[in-house]
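Whatever order the structure lists them in is the order used to number ligands and atoms, beginning at 1.
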Amino acid sequence: MNEADSEIIAGLLEDCNYRATRVPEEADIILVNTCSVREGADSRAIAHLSQYKNLKKHNPGLTLGLVGCVAQRDRGKILEQKPFIDLVLGPDTYRRIPELIIHANKPCIDVHLSKQEVYEGLMPFRNTQVNAWVSIMRGCNKFCSFCIVPFTRGRERSRAVESIVTEVKKAIQDGYQEITLLGQNVNSYKHQEDRFPDLLKTVALIPGVKRIRFTSPHPQDVDEAMLKVMREHENICKSIHLPLQAGATKILKLMNRTYSKEKYLDVVDKIREYMPDCSITTDIIVGFPGETDEDFEETLDVMDRVVFDNAYMFKYSPRPGTAAVKLPDDVPENVKAERLNRIIEKQKAHLLAKNRALVGTVQTVLIDGFSKKDRDEKIGRTDTNKLVILKAGSACIGEMVKVLIFDAVGVSLFGKVD
Ligand code: SF4
């Protein structure tokens with residue numbers, strides 16, 4: 001979401017004739033876009049911005065700005081604590097960037113949360129090659145007790161289908177192959193009579209869209225209409241991110257996740273009924289307040305029953321401003337660490353077994369770049385979002401190719417063009 005927001009900001013600056021640079025010394029504006037979901041990312045972002053304050057000695061006109069969720073959350077204290085920062089902007093105020101940078105007296109703060117802002121009509125400045133992020137809704141009404149998002153990004157609101165279609169068509173014209181529809185709760189998309197399955201179908205029918213992904217859905221809003229549209233359209237990837245967070249219903253209740261363990265498993269069964277080969281990935285938090293060994297065993301049980309294709313796994317840490325901060329953080333740090341290790345090991349084993357089962361099969365892979373480790377290798381993704389590494393030269397970036405998988409190591413599959 002922040003990458004997509006950064007592209008919107010870059011688009012606004014481009015329209016004012018600013019040009020992007022990778023050299024901080026050349027920049028007249030440096031904005032750091034921040035996320036406050038996890039502990040550590042926020043302090044790293046401010047430290048990152050602090051690195052640039054000395055550049056003002058040589059370029060007194062340099063504007064340094066902190067934008068995004070940390071700016072929204074810490075609004076009052078940032079300018080006091082970091083007087084070198086000129087701009088503090090929350091996620092709903094980016095339209096004001098040109099006006100504030102060009103005309104306003106510095107320093108400036110705007111953290112107004114909007115009930116309507118969806119950045120309709122703005123064209124993002126993208127510098128990716130294959131995938132185009134398209135934000136379709138913003139905000140969240142779910143109020144999970146551990147999460148700051150509803151407070152930093154406000155209530156849910158969705159863009160009109162026509163404006164999304166215009167942006168997707170432009171991305172296709174610009175050469176993008178894959179569209180990823182984005183939203184904090186992407187499948188609670190709702191604009192007038194249109195719901196997420198309607199939008200998904202409309203985007204799937206746009207000529208030239210080779211692949212469509214979406215993230216992140218909430219299990220509560222996965223319905224048969226959505227699964228039916230996914231099944232019916234070949235260009236909608238058979239891959240769903242379905243955040244579990246915890247396996248025990250007791251903990252899910254404390255997290256205010258709105259589903260039980262059984263309901264979550266029912267959703268998984270429904271997905272597999274419609275699309276037996278659909279990959280399912282997840283997020284898991286261990287050590288939430290009150291999580292006993294028995295509760296944790298329930299998380300392991302869900303993992304064994306679902307066998308996720310991938311998982312983002314974290315130790316719980318209280319986030320200021322959330323409801324869970326009022327609960328006693330009573331799981332000792334060493335227990336959290338031990339639980340985290342156990343789920344990581346389990347997930348590694350599940351992933352490897354799933355990947356090994358693909359050895360010898362032919363997968364359709366969209367090539368999206370070079371391997372970071374070896375420029376002689378290219379990387380791509382299967383329809384089910386699995387990473388495949390293949391020798392360079394055998395396919396071009398942006399090409400969809402049939403790949404024979406010949407090995408599976410760690411999280412990666414190795415293949416050659418069939
Ligand atoms: S659904 Fe829960 S975890 Fe996701 S953004 Fe909303 S409050 Fe946060």
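Between the side chain of Asp295 and the main chain of Thr292, a donor-acceptor pair closer than 3.5 Å is present. Panel note: side chain Thr382, backbone Lys386; a donor-acceptor pair is recorded below 3.5 Å. A distance-only check finds a donor-acceptor pair linking the side chain of Lys238 to the backbone of Ile236 [under 3.5 Å]. Remark: the backbone N or O of Glu162 is paired with a side-chain donor or acceptor of Thr166 at under 3.5 angstrom.
Taking atom 8 (Fe) of ligand 1 as the reference point, the nearest protein heavy-atom neighbour is Cys147 SG, 2.3 Å.
Of all atoms in ligand 1, listed by their number and element, those nearer than 4.0 Å to a heavy atom of Pro150 are 7 (S). Here is the list of ligand 1 atoms found below 4.0 Å of a heavy atom in Cys144: 1 (S), 2 (Fe), 3 (S), 7 (S). Within ligand 1, counting atoms from 1 as listed, the ones closer than 4.0 Å to a heavy atom of Cys140 are 1 (S), 5 (S), 6 (Fe), 7 (S). Atoms of ligand 1 found under 4.0 Å from any heavy atom of Phe143 (numbered from 1 in listed order, with element): 7 (S). Residue contact check: His218 has heavy atoms under 4.0 Å from atoms 1 (S) of ligand 1. Listed by atom number, the atoms of ligand 1 under 4.0 Å from Asn185 heavy atoms are 1 (S), 6 (Fe).
Neither the backbone nor the side chain of Pro243 has a heavy atom within less than 4.0 Å of ligand 1.
Between Lys210 and Asp383, no side-chain nitrogen of the basic residue sits less than 4.0 Å from a carboxylate oxygen of the acidic one, so the salt-bridge criterion is not met.
Here the straight-line distance linking atom CD of Glu99 with atom CG of Asp110 works out to 8.5 Å at 0.5 Å rounding.
Between Tyr52 and Phe84, the gap from one ring centroid to the other reaches at least 6.0 Å.
In this structure, Arg257 counts as a contact residue of ligand 1, since one of its heavy atoms falls inside 4.0 Å of the ligand.
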